[in-house]
A.B. asks: 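The structure follows.
What's counted below: heavy atoms across the whole structure, side chains too, no hydrogens, waters or symmetry copies. What you see is a predicted model, and the numbers here were worked out from it, not measured in a lab. In the text below, chain A, chain B and the rest are named by the order of the sequence lines, each starting its count at 1.
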Number of protein chains: 2
Amino acid sequence: MSGQIIDDRLNNIADNILFFFPFFYRKILKVPHTRPRVNPINMQYHVLSMLMIQGILPTSAIGGRLGISKPNVTSLVDRLIELGYAERRPDASDRRVINIAVTEKGRRFIANRKRQARNSIKRYLAVLQPAEIEDLAVALESFRKIISKIDNGKSGN
Amino acid sequence: MSGQIIDDRLNNIADNILFFFPFFYRKILKVPHTRPRVNPINMQYHVLSMLMIQGILPTSAIGGRLGISKPNVTSLVDRLIELGYAERRPDASDRRVINIAVTEKGRRFIANRKRQARNSIKRYLAVLQPAEIEDLAVALESFRKIISKIDNGKSGN
DNA sequence: TATAATTGTTATATTTATATAACAATTATT
DNA sequence: AATAATTGTTATATAAATATAACAATTATA
C-alpha cells in the first residue's frame with residue numbers, strides 16, 4: 001500500500017470513530033442524575049473505570065492519563081473515597097507517592113454499572129438481523145484487538 | 001443462528017463497545033480547559049454536534065435525546081448563543097416551539113474541532129502496520145453502517 | 001550537603017451541569 | 001368555552017469539574 005492510500009485509510013478511520021462517538025456518549029452510559037447523588041458521575045466514573053483497567057495507580061498517573069490537574073485528581077479521588085469505591089495507599093518505595101486503589105465495593109459498583117450498560121446496548125441492537133449481528137461482532141472484535149495494541153504501545157500522555 | 005448464539009454475540013458486542021469507550025473518551029476529544037473559556041465544553045459541545053447531525057431541532061427534542069431537563073437545555077443553548085454558535089428560531093406552525101439552529105460560525109467551529117480530533121486520532125494510529133490499518137478501516141466501515149441503521153430506526157428516547 | 005525537582009494536598013475561585021418549582025404562552029381536548 | 005396538556009423560560013439551588021497559587025514532605029541532583 002502506498003503512503004497516500006494509507007493516509008486515506010487513516011482519514012477514513014478517524015471519520016468513522018468521530019461519527020459513532022457521539023452516538024454512544026449519552027445513549028448508553030447515561031445514568032439518572034438524582035439529588036442527593038448516590039453514583040459517581042462522568043469524570044469520577046472515568047477515574048474509577050481507569051483504575052479497574054490499569055489496577056492501582058499513583059495520583060499523578062491518573063492526572064497524566066486523563067490530562068487533568070493534580071488538585072482536580074485529589075478532589076475526584078476524595079469523592080470516590082467518600083462513596084467507598086476507592087482508597088489511598090501510601091507507596092512503600094517512594095514516600096511522596098500515594099497510590100489509589102479500587103475497593104471491593106467499587107469493583108461491585110463497576111460490575112453492576114457494566115451490566116446495566118450492556119443491557120442498554122443490547123436493547124439498541126434489538127432491531128438488527130442475525131447476519132448484521134454477526135458482522136458487528138466480527139468488526140468490533142478486530143477493532144478491539146487493534147486498539148488494544150495501540151494502548152499497550154504507548155499508555156501515558 | 002440460534003437465539004442462544006445471537007445472545008452470546010450481543011453480549012460480546014456490548015463488551016467490546018464498553019471496552020473501547022473509555023479509551024476514546026478523553027484521549028481524543030479532549031480540549032484544553034482554559035480560563036476564560038472560549039470553547040464549548042462537553043455537554044455544550046454535544047448539543048452542538050447533535051444539531052450538526054440532526055439539523056434544526058426544537059428545545060424539547062434536544063432535552064429528550066440527551067435525557068436532560070428543559071431548564072438545562074435552555075442554559076446550554078444560552079451559552080452556545082453567547083458564543084455565536086447557535087440561534088433560536090421561533091417555529092412557524094406551533095408558536096410554543098422554539099427551534100435551535102447552528103450558525104455558520106458554529107459550523108466552522110465544529111469543522112475545525114473535527115479536524116483537530118481527526119489529527120489526534122491519526123497520531124494514535126501511527127504505530128499500526130498497513131495491514132492493521134486496512135483491517136481497522138474495514139471493521140469501522142461495517143460498524144458505522146450497522147449503527148447508522150439503528151440510529152435511523154429509532155432516534156428518540 | 002545544599003539546591004532543585006517531584007508528589008500530593010489545601011485553599012480559593014470559577015465555570016459547567018444539573019434539577020425542581022413556578023410561570024406564561026400556546027395548543028389540544030372535552 | 002372551559003379545562004388540560006405542552007413548550008419553553010426564570011428563579012433558585014446545588015454538585016461536579018476544573019484551574020492557579022501556595023505549601024509540606026520527600027527524593028534526586030549538582
A.B. asks: Rounded to whole angstrom units, what separation is found between the CZ atom of A:Arg79 and the P atom of C:dT9?
C.D. replies: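 Result: 14 Å.
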A.B. asks: B:Lys70 NZ to D:dT10 C1': how many Å, rounded?
C.D. replies: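 Atom NZ in B:Lys70 sits about 13 Å away from atom C1' in D:dT10.
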A.B. asks: Would you mind reading off the distance between A:Ile81 atom CD1 and C:dG8 atom P, rounded to a whole angstrom?
C.D. replies: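 That distance rounds to 13 Å.
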A.B. asks: Looking across every strand, which nucleic acid part, if any, lies under 4.0 Å from A:Thr74 by heavy atom: base, sugar-phosphate, or nothing?
C.D. replies: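 It contacts base atoms.
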A.B. asks: Under the rule for side chain to side chain donor-acceptor pair (under 3.5 Å), what residues qualify as partners of B:Asp78, not counting sequence neighbours?
C.D. replies: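 B:Asp78: side chain to side chain donor-acceptor pair (under 3.5 Å) contacts with B:Arg88.
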A.B. asks: Apply side chain to side chain donor-acceptor pair (under 3.5 Å) to B:Glu87 and list each qualifying residue two or more places apart in sequence or on a separate chain.
C.D. replies: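 Applying side chain to side chain donor-acceptor pair (under 3.5 Å) to B:Glu87 gives B:Arg89.
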A.B. asks: For B:Arg95, what residues pass the side chain to side chain donor-acceptor pair (under 3.5 Å) criterion, not counting sequence neighbours?
C.D. replies: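 Checked B:Arg95 against side chain to side chain donor-acceptor pair (under 3.5 Å); zero matches.
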A.B. asks: Using the closest heavy atom to pick a nucleotide of DNA chain D for each, name whichever of B:Asn99 or A:Ser75 lands nearer the 5' end.
C.D. replies: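 The 5'-side residue here is B:Asn99.
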A.B. asks: Check whether any side-chain N or O of B:Asn72 sits under 4.0 Å from OP1 or OP2 of C:dA17, and answer yes or no.
C.D. replies: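 Looking at the OP1 and OP2 atoms of C:dA17, neither is under 4.0 Å from any side-chain N or O of B:Asn72.
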A.B. asks: Could you work out, with side-chain contact (heavy atoms from CB on, under 4.5 Å) as the rule, every residue matching A:Glu82, not counting sequence neighbours?
C.D. replies: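 If we apply the side-chain contact (heavy atoms from CB on, under 4.5 Å) test to A:Glu82, skipping adjacent residues, there are no hits.
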A.B. asks: CE of B:Met43 versus C1' of D:dA17: gap in Å, rounded?
C.D. replies: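 Between C1' of D:dA17 and CE of B:Met43: 14 Å.
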A.B. asks: Take the protein atom CD1 of A:Ile62 and the nucleotide atom C1' of D:dA17, then report the distance between them rounded to whole Å.
C.D. replies: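 The distance from CD1 of A:Ile62 to C1' of D:dA17 comes to 15 Å, rounded to the nearest Å.
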A.B. asks: Tell me the interatomic distance from B:Gln44, atom CD, to C:dT16, atom P, rounded to whole angstroms.
C.D. replies: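 Rounded to whole Å, this separation is 6 Å.
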A.B. asks: Please state how far atom CD1 in A:Ile100 lies from atom P in C:dT9, giving the value in whole angstrom units.
C.D. replies: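 Going from CD1 in A:Ile100 over to P in C:dT9 covers 6 Å.
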A.B. asks: If we count only N and O atoms by modelled type, under 3.5 Å, do the side chains of B:Arg107 and B:Thr103 hold a donor and an acceptor together?
C.D. replies: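 No, because no side-chain N or O of B:Arg107 sits under 3.5 Å from a partner of the opposite role on B:Thr103.
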A.B. asks: Considering every strand and a 4.0 Å limit on heavy-atom distances, what is the contact class for B:Pro58: base, sugar-phosphate, or nothing?
C.D. replies: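 The residue B:Pro58 makes sugar-phosphate contact but no base contact.
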A.B. asks: Only counting residues at least two apart or in another chain, list the ones meeting side chain to side chain donor-acceptor pair (under 3.5 Å) with B:Asp94.
C.D. replies: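 Side chain to side chain donor-acceptor pair (under 3.5 Å) list for B:Asp94, sorted by chain: B:Arg96.
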A.B. asks: Looking at A:Ser60, I'd like to know whether one of its side-chain N or O atoms comes within less than 4.0 Å of OP1 or OP2 on C:dG8.
C.D. replies: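 Answer yes for this pair, as a side-chain N or O of A:Ser60 is under 4.0 Å from OP1 or OP2.
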A.B. asks: Near DNA chain C, under 4.0 Å by heavy atom, which residues of residues 87-97 of chain A?
C.D. replies: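 When residues 87-97 of chain A is checked for heavy atoms under 4.0 Å from DNA chain C, the hits, listed by number, are A:Arg88, A:Arg96, A:Val97.
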A.B. asks: Measure the distance from CD1 on A:Ile68 to C1' on D:dT20 and round it to the nearest whole Å.
C.D. replies: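 Atom-to-atom, A:Ile68 to D:dT20, this comes out as 15 Å.
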A.B. asks: Which nucleotide, D:dA17, C:dG8, C:dA11, lies nearest any side-chain atom of A:Pro71?
C.D. replies: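 Minimum distance to the A:Pro71 side chain belongs to C:dA11.
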A.B. asks: Once you apply the 3.5 Å cut-off to both distances, tell me the Watson-Crick or G-U wobble partner of D:dC23, or none.
C.D. replies: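 Here D:dC23 is engaged in a pair, and the nucleotide opposite it is C:dG8.
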A.B. asks: Where does the angle between the aromatic ring planes of A:Phe109 and A:Tyr45 fall among parallel (under 30°), tilted (30 to 60°) and perpendicular (over 60°)?
C.D. replies: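 Judged by the thresholds at 30° and 60°, the geometry between A:Phe109 and A:Tyr45 is perpendicular.
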A.B. asks: Using a 4.0 Å heavy-atom cut-off, does A:Thr59 contact any base of the nucleic acid, only the sugar-phosphate backbone, or nothing at all?
C.D. replies: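 The residue A:Thr59 makes sugar-phosphate contact but no base contact.
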